[in-house]
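Naming convention: chains lettered A, B, ... in sequence-line order (proteins, then strands); numbering from 1 in each chain.
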There are 2 protein chains.
Amino acid sequence: MAAANDQQDIKREKILEASHQRFLHYGYSKTTMNEIAGDLSMSKALLYYYFPDKSQLYIAVMRKLATDYLKTLENRLNSFTNLKEAFTFQVNTHHEFIVNNYNFFDFFRLNEQNLPEAIWEIVGEVRGAELGLLSNAIKTEVEKGAIKPVENPDEIVDVLMDALHGIRVGSISQKKTNFPRKEHLEEIHTKKLLLLDIFIKGLTA
Amino acid sequence: MAAANDQQDIKREKILEASHQRFLHYGYSKTTMNEIAGDLSMSKALLYYYFPDKSQLYIAVMRKLATDYLKTLENRLNSFTNLKEAFTFQVNTHHEFIVNNYNFFDFFRLNEQNLPEAIWEIVGEVRGAELGLLSNAIKTEVEKGAIKPVENPDEIVDVLMDALHGIRVGSISQKKTNFPRKEHLEEIHTKKLLLLDIFIKGLTA
DNA sequence: TTCCTGACTTTTTTAACAAAACTATCAAAA
DNA sequence: TTTTGATAGTTTTGTTAAAAAAGTCAGGAA
């Protein structure tokens with residue numbers, strides 16, 4: 001029985017990998033179940049044996065990405081030498097994550113509103129986890145006596161994350177496309193580091 | 001000739017006022033030229049005598065709003081006692097402006113992309129003006145010796161304005177609707193003030 | 001019993017087109 | 001010069017049919 005489940009799990013993994021590649025290169029709407037099945041040399045019907053529907057499949061891929069991302073963060077945010085290093089690592093990791101999976105998120109660019117509820121649950125979970133990790137980093141520093149006490153770390157981190165999220169590019173053509181263009185990600189990253197620098201100073205001042 | 005132009009200008013003003021009301025209450029797409037004409041008891045054709053088309057009319061209203069907004073800012077940002085007061089006034093004024101004209105901007109919510117170029121020009125001008133005013137505030141404080149020198153005020157203000165703009169609401173349902181809902185504006189405002197507080201500290205630390 | 005498929009049904013997307021609503025124009029009147 | 005009714009032109013909306021993709025199922029293979 002364990003073996004059977006192992007086999008199942010392996011196949012599910014294969015499906016998730018193939019789906020990830022398709023979604024990553026062509027986006028959600030330009031990927032068909034037939035194509036994914038084709039990549040794996042299996043019938044479309046089999047995909048439905050493993051996953052209830054297309055959106056669930058996408059969500060499963062996204063959940064995996066989110067888990068890996070958070071694992072990376074956790075590993076490092078358990079041991080850091082100072083607050084700035086911790087926050088910088090978060091910003092850098094996030095940047096890398098977006099760059100590597102840019103096209104995967106075309107789902108967000110196109111569907112704008114009315115995405116499946118499960119998507120927002122994942123987004124919420126990730127944000128909650130990030131918030132917790134960063135908030136803990138602050139608490140740790142306070143306990144160590146490295147920085148002066150902070151009244152409400154969660155609130156502070158919440159605001160910081162919003163602020164970082166808000167960083168856009170193009171001072172002149174300020175057209176706020178909901179999702180930043182890929183060619184702007186580097187500039188945005190730089191600006192985020194600048195904001196972070198000032199914010200940390202303000203926090204530890 | 002002066003009289004004739006005065007008359008024209010007065011009528012143009014009347015049209016702008018009526019249009020403003022319509023746009024404010026029903027938004028751009030739900031306002032028809034017939035309705036505006038009806039409000040003024042004039043024919044639709046006459047509107048086209050004063051304004052080339054509907055979008056130009058909207059833009060004219062927007063330009064007026066922008067001018068008034070900037071005038072308010074300029075008045076106060078020429079005389080302030082400290083940096084925090086200046087920045088806080090900007091945030092408060094902006095908040096008030098958005099609250100008062102919330103529905104007017106439904107144009108932005110709906111059209112998302114591909115707005116008339118002229119709209120973005122105004123947005124750019126306003127942002128540029130705000131940036132200049134706040135940047136000058138910093139320079140003034142530096143000259144007064146009230147705060148320590150700042151290497152690049154424009155860059156700092158640019159990042160701050162992005163950050164403020166990015167403040168959203170709803171930690172759980174983080175659905176990033178491009179434009180904040182009206183019922184969230186107050187909470188957003190509060191969060192902005194918190195961000196501002198930390199940012200200023202970081203700047204003057 | 002678990003895994004898998006081809007054939008089938010249902011749903012969604014796309015394209016074409018007509019009707020309706022609205023924008024924009026213009027000759028002529030005030 | 002200012003104003004309008006009539007009308008031309010364009011965009012939006014609604015309808016329908018065909019095509020494409022999602023999703024189902026009875027039954028076969030392991």
Side-chain angles (χ1 to χ4, degrees), chain A residues 1-16 18-19 22-23 25-62 106-107 109-116 118-119, chain B residues 1-16 18-19 22-23 25-62 106-107 109-116 118-119:
Chain A
M1 173 187 153
N5 279 341
D6 277 359
Q7 279 305 102
Q8 268 209 350
D9 288 350
I10 288 170
K11 187 142 257 175
R12 286 175 69 91
E13 274 302 313
K14 292 256 186 239
I15 293 174
L16 288 178
S19 305
R22 279 283 170 187
F23 290 141
H25 293 314
Y26 303 103
Y28 183 79
S29 62
K30 292 292 185 188
T31 295
T32 72
M33 295 298 264
N34 264 322
E35 286 165 346
I36 295 173
D39 291 346
L40 293 160
S41 306
M42 61 170 61
S43 73
K44 180 178 59 170
L46 189 55
L47 290 181
Y48 285 95
Y49 177 76
Y50 285 95
F51 293 94
D53 61 36
K54 186 181 174 183
S55 72
Q56 292 293 318
L57 181 52
Y58 180 87
I59 287 165
V61 175
M62 183 158 169
D106 92 319
F107 199 32
R109 280 190 291 286
L110 300 175
N111 258 43
E112 295 286 338
Q113 242 67 332
N114 65 299
L115 300 186
I119 295 263
Chain B
M1 174 187 153
N5 278 342
D6 277 358
Q7 280 305 102
Q8 267 208 352
D9 290 349
I10 288 170
K11 187 143 257 178
R12 287 174 67 92
E13 274 302 314
K14 292 255 186 236
I15 294 174
L16 287 178
S19 305
R22 279 282 170 186
F23 290 140
H25 293 314
Y26 303 103
Y28 183 78
S29 60
K30 292 293 186 188
T31 295
T32 71
M33 295 298 265
N34 263 324
E35 286 165 346
I36 296 172
D39 291 346
L40 293 160
S41 306
M42 60 171 61
S43 74
K44 179 178 56 171
L46 190 55
L47 290 181
Y48 285 95
Y49 178 77
Y50 285 97
F51 294 92
D53 61 35
K54 186 182 174 183
S55 73
Q56 293 292 319
L57 180 53
Y58 180 87
I59 286 164
V61 174
M62 184 159 168
D106 92 318
F107 199 32
R109 279 190 292 283
L110 300 175
N111 258 42
E112 295 286 337
Q113 241 67 332
N114 66 299
L115 300 187
I119 294 261

Asker: Run Tyr49(A) and Gln8(A) through side chain to side chain contact (heavy atoms under 4.5 Å, CB included) and show every step you take.
Answerer: CA-CA 11 Å; Tyr49(A) 177 76; Gln8(A) 268 209 350; 3.8 Å; yes
Asker: Let me test you: for the helix from dT1(C)-dA30(D) to dA30(C)-dT1(D), what is the angle between the axes at its two ends (five pairs each), rounded to 10 degrees?
Answerer: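 That helix has its two terminal axes inclined by roughly 40°.
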Asker: Nearest-Å distance, CG (Leu57(A)) to C1' (dG23(D))?
Answerer: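 Result: 13 Å.
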Asker: In whole angstrom, give the distance that lies between atom CG of Asp9(A) and atom P of dC3(C).
Answerer: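 Atom-to-atom, Asp9(A) to dC3(C), this comes out as 10 Å.
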Asker: I'd like to check Ile119(A) versus Phe107(A) (side-chain heavy atoms, cut-off strictly below 4.5 Å). Are they in contact?
Answerer: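 Contact flag for Ile119(A)/Phe107(A) side chains = yes.
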Asker: Mind checking whether Tyr28(B) and Phe23(B) have parallel, tilted or perpendicular rings, split at 30° and 60°?
Answerer: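 Judged by the thresholds at 30° and 60°, the geometry between Tyr28(B) and Phe23(B) is parallel.
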Asker: Kindly indicate, with the supporting measurements, whether the criterion side chain to side chain contact (heavy atoms under 4.5 Å, CB included) is fulfilled by Lys30(B) and Asp106(B).
Answerer: CA-CA 10 Å; Lys30(B) 292 293 186 188; Asp106(B) 92 318; 5.9 Å; no
Asker: Check whether Phe51(A) forms a cation-pi arrangement with Arg12(A) (NZ or CZ under 6.0 Å from the six-membered ring centre, at most 45° off the ring normal).
Answerer: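 Yes, a cation-pi geometry.
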Asker: Taking DNA chain C as the partner, which of residues 42-56 of chain A come within under 4.0 angstrom of it by heavy atom?
Answerer: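 Met42(A), Ser43(A), Ala45(A), Leu46(A), Tyr49(A), Tyr50(A), in order of number.
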Asker: What's the spacing between Tyr48(B) OH and Ser43(B) OG if we round to 0.5 Å?
Answerer: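 Separation between the atoms: 11.0 Å.
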Asker: Contact list please: residues 27-41 of chain B against DNA chain C, heavy atoms, distance less than 4.0 Å, in numerical order.
Answerer: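 Output list: Thr31(B), Thr32(B), Met33(B).
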Asker: How long is the gap from CD1 on Ile15(A) to CD1 on Ile10(A), to the nearest 0.5 Å?
Answerer: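 CD1 of Ile10(A) is found 12.5 Å from CD1 of Ile15(A).
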Asker: Between Gln8(A) and dC3(C), is there a contact of a side-chain N or O with OP1 or OP2 at under 4.0 Å?
Answerer: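 Checking dC3(C) against Gln8(A), a side-chain N or O does come within under 4.0 Å of OP1 or OP2.
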Asker: Does the side chain of Ile36(B) come within less than 4.5 Å of Leu57(B)'s, by heavy atoms?
Answerer: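 Yes, side chains in contact.
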Asker: Measuring from Leu16(B):CG to Lys14(B):NZ, what's the distance to the nearest 0.5 Å?
Answerer: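 Between Leu16(B) CG and Lys14(B) NZ, I get 12.0 Å after rounding to 0.5 Å.
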Asker: Give a yes-or-no answer on whether the side chains of Ser55(B) and Asp53(B) include a donor-acceptor pair shorter than 3.5 Å.
Answerer: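 Yes, a side-chain donor-acceptor pair sits under 3.5 Å.
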